[in-house]
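Just the heavy atoms: all of them, side chains too, but no hydrogens, waters or symmetry mates, feed the values below. One-based numbering, in listed order, for ligands and for the atoms of each.
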Amino acid sequence: MLRVGLTGGIGAGKSTVARLLAGHGAVLVDADVIAREVVARGTPGLAAVVEEFGPDVLTAAGDLDRPALGRRVFGDERQRAALNAIVHPLVAARRAELAAAAPAGSVVVEDVPLLVETGAAPGYPLVVVVDADAAERVRRLVTERGMSEDDALARLRAQATDDERRAAADVLLANPRRAEDRPDPLPGLVSALWSGRLLPFEAAVRAGRPAPARPGVPPADAVERARRRVAHATAGPVEVVDASAWPVRLRASAEGALTTVGYVDAGQGRFASADPGAPVAVELVREARVGGPA
Ligand SMILES: CC(C)(COP(=O)(O)OP(=O)(O)OC[C@H]1O[C@@H](n2cnc3c(N)ncnc32)[C@H](O)[C@@H]1O)[C@@H](O)C(=O)NCCC(=O)NCCS
Ligand SMILES: Nc1ncnc2c1ncn2[C@@H]1O[C@H](COP(=O)(O)OP(=O)(O)OP(=O)(O)O)[C@@H](O)[C@H]1O
């Protein structure tokens with residue numbers, strides 16, 4: 001099983017990409033759907049929201065009045081943080097539960113709009129970001145979702161910047177406005193991602209097989225993502241030993257949860273990434289030596 005974090009700014013095309021991946025056989029987990037379930041009528045989540053925001057955020061029938069709550073939280077950072085503190089832990093727990101229930105051999109694609117904002121990105125073996133510029137995203141929300149421009153801009157401002165999301169992307173899928181006179185390139189990009197990266201990555205994780213070395217010099221941003229992922233999984237310091245060639249070599253102090261982020265046990269205190277797009281080797285050493293004198 002391989003967990004893939006799929007994210008992008010509002011209106012970037014996450015759902016479109018998720019549907020294409022599902023067509024190839026991915027198991028989908030949709031954080032927006034879960035975020036509705038955890039505040040459905042009668043849930044502890046809804047009770048906590050009402051305790052925080054008062055009964056004005058309920059409809060006459062006792063459901064969450066989403067437009068009313070939306071008006072309060074988009075544009076007021078403090079209120080948004082209060083809502084996030086209630087909803088996000090419930091969503092993260094349910095996401096993990098659904099991913100764990102997927103059949104062996106699955107590629108689980110988790111569509112998580114706020115993957116970067118919540119700091120969850122390094123906890124995934126692979127992060128896919130769908131990218132479209134802000135003006136185009138606002139156009140989509142206004143023309144195809146019936147949102148006002150002000151509402152669309154308020155949501156954009158409540159999210160990470162495009163640069164922050166791009167820095168977290170192991171794979172960046174460009175999804176600019178579809179041209180009417182040319183075929184849409186997105187299905188082809190998603191198909192190549194599926195067969196060229198996701199399927200081989202999942203198979204290698206299942207077989208306990210490290211990714212083979214590859215030619216070229218690792219880009220600095222890929223090295224930084226590997227370092228952050230390993231630091232997140234091992235909850236300790238991580239040193240970059242050699243980033244001049246693939247596999248990137250890192251040194252960490254504990255095994256931690258490396259196998260949950262796409263690493264396999266390579267024996268003799270070594271772990272290796274199974275991601276064919278970014279081979280990384282991790283050497284485990286006693287804590288005192290990581291970051292200390294050689
Ligand atoms: C404020 C609420 C009630 C408004 O509901 P509404 O039906 O209008 O929007 P919906 O939930 O369908 O979200 C649509 C999009 O808005 C954006 N968005 C939603 N919540 C947030 C947030 N807290 N911060 C930034 N962007 C957000 C996302 O891009 C999302 O895909 C709702 O968005 C909510 O409960 N948000 C908090 C939970 C959350 O963060 N959900 C997003 C993913 S976990
Ligand atoms: N390349 C494109 N050109 C034009 N319209 C597009 C393109 N990709 C997606 N859309 C349309 O833009 C809207 C937003 O796309 P989609 O629902 O996939 O985005 P999303 O990132 O999941 O949005 P949200 O953040 O609101 O969940 C949809 O109406 C979709 O049909």
Got a sec: does the [atom1] of [X] have more than 12 other heavy atoms crowding it under 6.0 Å?
X: Glu37; atom1: CD; result: yes
X: Glu77; atom1: CD; result: no
X: Arg72; atom1: CZ; result: yes
X: Glu144; atom1: CD; result: yes

message = Among Val129, Val171, Val128, Val127, exactly one meets side chain to side chain contact (heavy atoms under 4.5 Å, CB included) together with Leu6. Which residue is that?
response =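 So the option named by the test is Val128.
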
Polar atom proximity, Arg80 to ligand 1 (N or O, under 3.5 Å) =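 N/O-N/O distance below 3.5 Å does not exist for this pair.
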
ask   = Would you say ligand 1 has an N or O under 3.5 Å from any N or O of Lys14?
value =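 Min N/O separation from ligand 1 is not below 3.5 Å for Lys14.
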
Given [options], which one has a non-hydrogen atom that is nearest to [atom]?
atom: atom 22 (C) of ligand 1; options: Val49, Thr118, Leu114; value: Leu114
atom: atom 23 (N) of ligand 1; options: Leu156, Ile34, Asn84; value: Asn84
atom: atom 1 (C) of ligand 1; options: Asp151, Val73, Leu115; value: Val73
atom: atom 42 (C) of ligand 1; options: Thr7, Ile86, Asp32; value: Asp32
atom: atom 33 (O) of ligand 1; options: Arg66, Arg145, Glu117; value: Arg66

message = Show me, by chain and number, every protein residue that has a heavy-atom distance under 4.0 Å to ligand 2.
response =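 For ligand 2, the contacting residues are Gly9, Ile10, Gly11, Ala12, Gly13, Lys14, Ser15, Thr16, Asp32, Glu136, Arg139, Arg140, Glu144, Arg145, Asn175, Pro176, Arg177, Arg178.
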
To check your reading of the model: name the closest protein heavy atom to [atom], its residue, and the distance in Å.
atom: atom 14 (C) of ligand 1; answer: Arg155 NH1, 3.4 Å
atom: atom 39 (C) of ligand 1; answer: His88 NE2, 3.6 Å
atom: atom 26 (N) of ligand 1; answer: Gln159 NE2, 3.1 Å
atom: atom 41 (N) of ligand 1; answer: Ala35 CB, 4.0 Å
atom: atom 18 (N) of ligand 1; answer: Phe74 CZ, 3.8 Å

inquiry  = The test is salt bridge (charged side-chain N to carboxylate O under 4.0 Å, His left out); show your working for Asp170 and Arg229 and say whether it passes.
reply    = CA-CA 11 Å; Asp170 297 298; Arg229 185 168 276 132; 2.6 Å; yes

Taking only heavy atoms of [X] into account, list the atoms of ligand 1 that are under 4.0 Å away from them.
X: Ala158; value: 25 (C)
X: Arg36; value: 7 (O), 10 (P), 12 (O)
X: Val87; value: 38 (C)
X: Pro113; value: 28 (C), 29 (O), 31 (O), 43 (C)

query = What part of Leu83, side chain from CB on, backbone N/CA/C/O, both or neither, has a heavy atom under 4.0 Å from ligand 1?
reply =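 The answer is the side chain of Leu83.
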
query = Which part of Val112 is near ligand 1, with near meaning a heavy atom under 4.0 Å away: side chain, backbone, both or neither?
reply =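 Neither part.
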
Counterpart residues, side-chain hydrogen bond (donor to acceptor under 3.5 Å, both in side chains), relative to Glu136 (two or more places apart) =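 Residues passing side-chain hydrogen bond (donor to acceptor under 3.5 Å, both in side chains) with Glu136: Arg139, Arg140.
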
query = How far apart are the closest heavy atoms of Val109 and Ala26, and which atoms are they?
reply =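 Smallest interatomic distance, heavy atoms only, reads CG2-CB, 3.7 Å.
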
request  = Report the residues that fulfil salt bridge (charged side-chain N to carboxylate O under 4.0 Å, His left out) with Glu110, sequence neighbours left out, ordered by chain and then residue number.
outcome  =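 Here the qualifying residues are Arg3, Arg95.
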
request  = Please step through salt bridge (charged side-chain N to carboxylate O under 4.0 Å, His left out) for the pair Asp111 and Lys14, ending with a clear verdict.
outcome  = CA-CA 7 Å; Asp111 178 342; Lys14 294 178 296 298; 5.1 Å; no

query = Remaining members of Val27's ILVMFWY cluster at a side-chain heavy-atom cut-off under 4.5 Å?
reply =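 Under the 4.5 Å side-chain rule, Val27 groups with Met1, Val29, Ile34, Val38, Val39, Leu46, Val49, Val50, Phe53, Val57, Leu58, Leu64, Leu69, Val73, Phe74, Leu83, Ile86, Val87, Leu90, Val91, Leu98, Val108.
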
key: Salt bridge flag under 4.0 Å for residues Asp162 and Arg137   =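 Looking at Asp162 and Arg137, the cut-off is met.
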
request  = Step by step, work out the side-chain contact (heavy atoms from CB on, under 4.5 Å) result for Arg270 and Val282.
outcome  = CA-CA 6 Å; Arg270 288 168 196 277; Val282 180; over 6 Å; no

task = Evaluate side-chain contact (heavy atoms from CB on, under 4.5 Å) for Arg166 paired with Leu172, printing each intermediate quantity in order.
result = CA-CA 7 Å; Arg166 284 174 196 147; Leu172 192 69; 3.9 Å; yes

message = Pair Ile10, Leu156 - check side-chain contact (heavy atoms from CB on, under 4.5 Å), show working.
response = CA-CA 7 Å; Ile10 184 165; Leu156 253 77; 3.4 Å; yes

